[in-house]
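Here the structure is a predicted model, which is why all the values come from computation and not from measurement.
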Amino acid sequence: MRYFLLQTDDLLSKGSGIATKFIDLAIAYTPKILGAIIFFLIGNWIIGRLGILLRKTLTARKFDHSLQSFLVSFFKITCQVLLVITIFGILGVNTSSFAALIVGAGIAIGSALNGTLGNFAGGVMMLIFKPFKIGDIIEAQGSTGTVTDQGVFNTTLLTPDNKTVILPNGPLSTGVITNFNTHGNLRVDLSLAIALDIPVEKARTVAIEAMLQHPKVLKEPRPEVSVLKIGDGMTTLAIRPYTTQSDYWDVYFGVQESVKAAFDANGIAAPIPRRLIIQTQ
């Protein structure tokens, strides 16, 4: 009986010790937990407000909608990760291991997605600086066409022969881009050859009149005709009408036909190919 009482007293003593330790831990950590919860709620609210402010700023500066969504999401996620790490620090957790883990994961992901990240970075830079926009006619990476889609990773062109060309944004952002729409109108560069004995001024007058009669050629700037080259038994003329972006290809093909018809109607002959054959015995 006495042994049983001693065992009971020992259990009560241990239970009392555990309860005391629990109370001590609660007293020690309750303020930290409450502080962490309050810090999280306030921090999350501030991040939300900053996200709204960032979106309004990007909208006011006319950033692309897809770029706006990405930048706002990236900002919020980054801030929330930092907020969680800070909360762990408030609770007394060693955060150096978290930082090392995040850095290691970033390096591993960066190595695995090297090319993809390059395309992503190029897409972000082009969406910020806007060397072209959807609907522009550009020449880049050996392709010419109308921009139909501009994403974060790729840019899509529609060529004159209705082919879809997908250009990765990495090489596109670091290469040469020729934008045909920067000044609001396009000059169409054509060349036609006439016989050497045809007066240049006559051909110029006929060509300009023919271009001005084309419904999609702009009256201002006025079409131009210049001598491009004299040689090889012909005079090569540079035919340069101006038009709008949407009518570029109509003018490109239509003007050649109308100028050729005007030349034929006014007796302006095309050059006759000549070949000199020397026979030796």
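Summarising the geometry of Thr235 relative to Ala195, their closest heavy-atom pair is OG1-O, 4.2 Å, with the distance given to 0.1 Å. Summarising the geometry of Gly233 relative to Pro271, their closest heavy-atom pair is O-CB, 3.7 Å, with the distance given to 0.1 Å. Residues Gly175 and Gln141 come closest through the heavy atom pair CA-NE2, 4.1 Å. In terms of heavy-atom proximity, Ala203 sits nearest to Ile268 at CA-CD1, 3.7 Å. For the pair Lys76 and Gly51, the tightest heavy-atom approach, listed with the atom from each and the gap, is CE-CA, 4.0 Å. Annotation for Trp249 and Pro160: closest pair CZ2-CG, 2.9 Å, computed over non-hydrogen atoms.
Listed for the Lys202 side chain is a donor-acceptor partner under 3.5 Å among the backbone atoms of Asn266. No donor-acceptor pair under 3.5 Å is formed between the side chain of Glu139 and the backbone N or O of Ile177. Counting only distance, with no hydrogens or angles, the side chain of Thr146 and the backbone of Ile137 share no donor-acceptor pair below 3.5 Å. Within the 3.5 Å criterion, the main-chain N or O of Asn169 finds no donor-acceptor partner in the side chain of Asn154. Using a distance-only test at 3.5 Å, with no hydrogens or angles considered, a donor-acceptor pair links the side chain of Gln256 to the main chain of Tyr252.
In the hydrophobic clustering of this structure, Ile208 groups with Val255; members are Ile, Leu, Val, Met, Phe, Trp, Tyr whose side-chain heavy atoms approach within less than 4.5 Å, directly or through other members. In the hydrophobic clustering of ILVMFWY residues, with side-chain heavy atoms under 4.5 Å counting as a link, Val225 and Val251 come out together. Hydrophobic clustering, with ILVMFWY side chains joined whenever heavy atoms are under 4.5 angstrom apart, groups Leu192 together with Leu212. Side-chain heavy atoms closer than 4.5 Å link hydrophobic residues (I, L, V, M, F, W, Y) into clusters, and following such links, possibly through other members, connects Val227 to Ile198. Under a hydrophobic-cluster definition in which Ile, Leu, Val, Met, Phe, Trp and Tyr are linked whenever side-chain heavy atoms come within less than 4.5 Å, directly or via other members, Val206 and Leu196 are assigned to the same cluster.
Around CD of Gln80, the count of heavy atoms belonging to other residues, nucleotides or ligands within 6.0 Å exceeds 12. The environment of Ile166 atom CD1 is sparse: at most 12 non-hydrogen atoms of other residues, nucleotides or ligands sit within 6.0 angstrom. Around NZ of Lys163, the count of heavy atoms belonging to other residues, nucleotides or ligands within 6.0 Å does not exceed 12.
Screening Val259, Ile194, Leu190, Leu228 against Leu237 for a side chain to side chain contact (heavy atoms under 4.5 Å, CB included) leaves a single residue, Ile194. Partner of Thr156 under the side chain to side chain contact (heavy atoms under 4.5 Å, CB included) criterion, out of Leu167, Thr164, Val147: Thr164 alone.
From Ser173, atom OG reaches atom CE of Met125 across 8.0 Å, with rounding to the nearest 0.5 Å. The NZ atom of Lys133 sits 10.5 Å away from atom CD of Gln150, with the distance rounded to the nearest 0.5 Å. Taking CD1 of Ile77 as the start and CG of Leu82 as the end, the distance is 12.0 Å to the nearest 0.5 Å. Atom-to-atom distance recorded for Leu50:CG and Ile47:CD1 is 8.0 Å, nearest 0.5 angstrom. For the atom pair CE of Met211 and NZ of Lys219, the computed distance is 11.5 Å after rounding to the nearest 0.5 Å.
At a threshold of 4.0 Å, the pair Arg204-Glu201 counts as salt-bridged, since one of the basic side-chain nitrogens sits closer than that to a carboxylate oxygen.
The closest side-chain donor-acceptor pair between Thr155 and Asp149, if any, does not fall under 3.5 angstrom.
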**Asked** Is there a side-chain contact (heavy atoms from CB on, under 4.5 Å) between Glu224 and Tyr242 once you walk through the steps?
**Response** CA-CA 9 Å; Glu224 302 171 356; Tyr242 290 82; 3.4 Å; yes
**Request:** Applying side-chain contact (heavy atoms from CB on, under 4.5 Å), run through Ile138 and Thr178 and close with a yes or a no.
**Result:** CA-CA 5 Å; Ile138 67 169; Thr178 302; over 6 Å; no
**Request:** Walk me through it: do Thr236 and Ile230 pass the test side-chain contact (heavy atoms from CB on, under 4.5 Å)?
**Result:** CA-CA 6 Å; Thr236 304; Ile230 298 177; over 6 Å; no
**Request:** I would like to know whether Phe132 and Leu172 meet side-chain contact (heavy atoms from CB on, under 4.5 Å); could you show each step before the answer?
**Result:** CA-CA 12 Å; Phe132 54 83; Leu172 181 61; 4.0 Å; yes
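Side-chain contact check for Leu41 versus Asn44: every heavy-atom pair is 4.5 Å or farther apart. Residues Pro241 and Leu218 have side chains not in contact (no heavy-atom distance under 4.5 Å, counting atoms from C-beta outward). Looking at Val217 and Thr243, their side chains never come closer than 4.5 Å, going by heavy atoms from C-beta outward. Using a 4.5 Å heavy-atom threshold, the side chains of Val188 and Arg240 count as separate.
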